Amino acid sequence: MAPTPDPPDPDADESSRFGFDDIAHPEFLPDPTLSHAEMESLQRELAATATFADDHGIDPAAVAIDEPADLTDGPPDARQETLPGTDADSDAGDPDAPVVVGLDQAFLTPDDGEDRAVSAAVAIRDGDVIEHASATTPLSIPYIPGLLAFREGEPMLAALDALGVEPDLLVCDGSGRIHFRAAGVATHVGVLLDVPSVGVAKSLLCGVPDEPTDGRPEGWRTPVRADDSVETAVVDGDASGGDTADGDAPAAPVIGHAYQSRQYPNSRRVNPLYVSPGHRVSPATTVDLVEALCAGYKLPEPTRIADAYADAAKRDAS
DNA sequence: GCGACAG
DNA sequence: ATCTTGTCGC
């Protein structure tokens, strides 16, 4: 009945924490036993490895989603693969379109003192959910602003590992380059797997929007630039060292965008999204991709649908 | 010391 | 993120 694999049991084997067979940079695995200082220096090294420029070959139009998923009766079923020779005039999506994977987590209340995360990964191709997977993993550290990847990275990897398809693009909950050390969760996971990724956050961790964001119309966007809390020297594309030829203060680098994905015509009270590159995507393309992935709701469809799966998996777990 | 802080 | 019913407004 279930078109996707059942939740794996990542806690079973101590020796292979992630079991993921395609970790490009195992040295950046989010080891929760590190000290905070060690976590931060790991993030700096990781940021130096990250690419905040386009290196993916994905046309936003090729991943555009027009119809929002109906989540009123729970998450959608994965679309059956069209059988060869069957259904000649298939209305199934383009099998050559890029695979976008949305990731989201839900949390189980610590009944016995053990915090656990339920993470969901949803693979979407040409607007259809082609596969989904979830995993339940123990949470080793509490939420600490700036160190989110060390809390949620393992759950995200576990859900990705349970997925059968290769992602062409990861859409993560939280920031990427909009981060004190340019190493938000989206960047962390993207670099670990060396897969293009973007971060979608509902609030701003750091940086400053070029313009005020209140009451903006749908589709509006403005750059978010680094502020004093953001370390920028290490990152590629920002090697100027802070000096300009004429001695004027250089413009702070763009680290992401505020993007108004949804707005009501008159009330104008929806907050914008804060989107930033994870890995191998530029800030500008990140907004274009997120815009293409939105279908009328505030959150892009991959995130919305992953949300629904995470909630459903959490319900099943309790 | 104070302020700020994704999920 | 999570604890939670109804409710005011698109």
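Chain identifiers are assigned alphabetically (A, B, ...) following the order of the sequence lines, protein sequences preceding nucleic acid strands; residue numbering begins at 1 within each chain. All values derive from a computational prediction rather than experimental measurement. What's counted below: heavy atoms across the whole structure, side chains too, no hydrogens, waters or symmetry copies.
- Listed for the A:Ser282 side chain is no donor-acceptor partner under 3.5 Å among the backbone atoms of A:Phe52.
- No salt bridge links A:Arg221 with A:Asp210; every basic N to acidic carboxylate O contact stays at or beyond 4.0 Å.
- Consecutive pairing runs in DNA chain B never reach the stem threshold, where a stem means at least three Watson-Crick or G-U wobble pairs with distances under 3.5 Å.
- A:Ala117 comes within contact range of no nucleotide atom at all, as no heavy-atom separation falls under 4.0 Å.
- By the side chain to side chain contact (heavy atoms under 4.5 Å, CB included) test, A:Phe180 pairs with A:Leu205, A:Cys206, A:Ser229, sequence neighbours left out.
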Worksheet entry | Protein-to-nucleotide contact annotation, 5' to 3' order, nucleotides 4-10 of chain C [B base; S sugar-phosphate only; - none; under 4.0 Å, heavy atom] | ------S

Item to complete: Dump the intermediate steps for side-chain contact (heavy atoms from CB on, under 4.5 Å) on A:Lys314 and A:Leu108, then the final yes or no.
Response: CA-CA 7 Å; A:Lys314 177 182 177 178; A:Leu108 298 170; 3.7 Å; yes

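- Residues forming a side chain to side chain donor-acceptor pair (under 3.5 Å) with A:Tyr274 (at least two apart in sequence, or on another chain): none.
- At least one donor-acceptor pair under 3.5 Å links the side chain of A:His279 to the backbone N or O of A:Thr51.
- In summary, the side chains of A:Glu152 and A:Gln105 do present a donor paired with an acceptor at a separation below 3.5 Å, with no hydrogens or angles considered.
- Each of A:Asp311, A:Asp104, A:Thr137, A:Thr136 was compared with A:Val118 under the side-chain contact (heavy atoms from CB on, under 4.5 Å) criterion, and only A:Thr136 meets it.
- The pair A:Arg216-A:Glu211 counts as a salt bridge, with a side-chain nitrogen and a carboxylate oxygen less than 4.0 angstrom apart.
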Let me check something: any side-chain donor-acceptor pairs from residues 162-173 of chain A under 3.5 Å, sequence neighbours excluded? List them with distances.
{"from": "A:Asp168", "atom 1": "OD2", "to": "A:Val99", "atom 2": "N", "distance (Å)": "2.7"}

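- Within 6.0 Å of CZ in A:Arg315 there are 12 or fewer heavy atoms belonging to other residues, nucleotides or ligands.
- Taking the centre and axis of the six-membered ring of A:Tyr297, the NZ or CZ atom of A:Arg262 falls inside the cone set by 45° and 6.0 Å.
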Practice prompt. Using the side-chain contact (heavy atoms from CB on, under 4.5 Å) rule, take A:Arg225 and A:Val208 through it: C-alpha gap first, then chi angles, then the decisive distance, then the call.
Written response: CA-CA 5 Å; A:Arg225 318 187 95 98; A:Val208 185; 5.7 Å; no

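- The stretch residues 272-283 of chain A participates, sequence neighbours left out, in these salt bridge (Lys or Arg N to Asp or Glu O under 4.0 Å) pairs: A:Asp55-A:Arg280, A:Asp194-A:Arg280.
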Worksheet item: Can you check side-chain contact (heavy atoms from CB on, under 4.5 Å) on A:Arg304 and A:Leu71, steps first, answer last?
Response: CA-CA 9 Å; A:Arg304 262 189 86 227; A:Leu71 302 178; 3.4 Å; yes

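- Across residues 277-285 of chain A, not one residue has a non-hydrogen atom less than 4.0 Å from an atom of DNA chain C.
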Item to complete: Determine which bases of DNA chain C form Watson-Crick or G-U wobble pairs with both distances under 3.5 Å, and write the result as a 5' to 3' dot-bracket string with | for other-strand partners.
Response: ..........

Item to complete: Summarise protein proximity over nucleotides 1-7 of chain B in one line of letters, 5' to 3': B for base, S for sugar-phosphate only, - for none, counting protein heavy atoms closer than 4.0 Å.
Response: ----BBB

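- The stretch residues 210-230 of chain A has no heavy atom under 4.0 Å from DNA chain C, so no residue of it qualifies as close.
- For A:Thr72, the side chain to side chain contact (heavy atoms under 4.5 Å, CB included) partners at least two apart in sequence or on another chain are A:Asp70.
- Take A:Arg151 and apply the salt bridge (Lys or Arg N to Asp or Glu O under 4.0 Å) test, not counting sequence neighbours, and it matches no residue.
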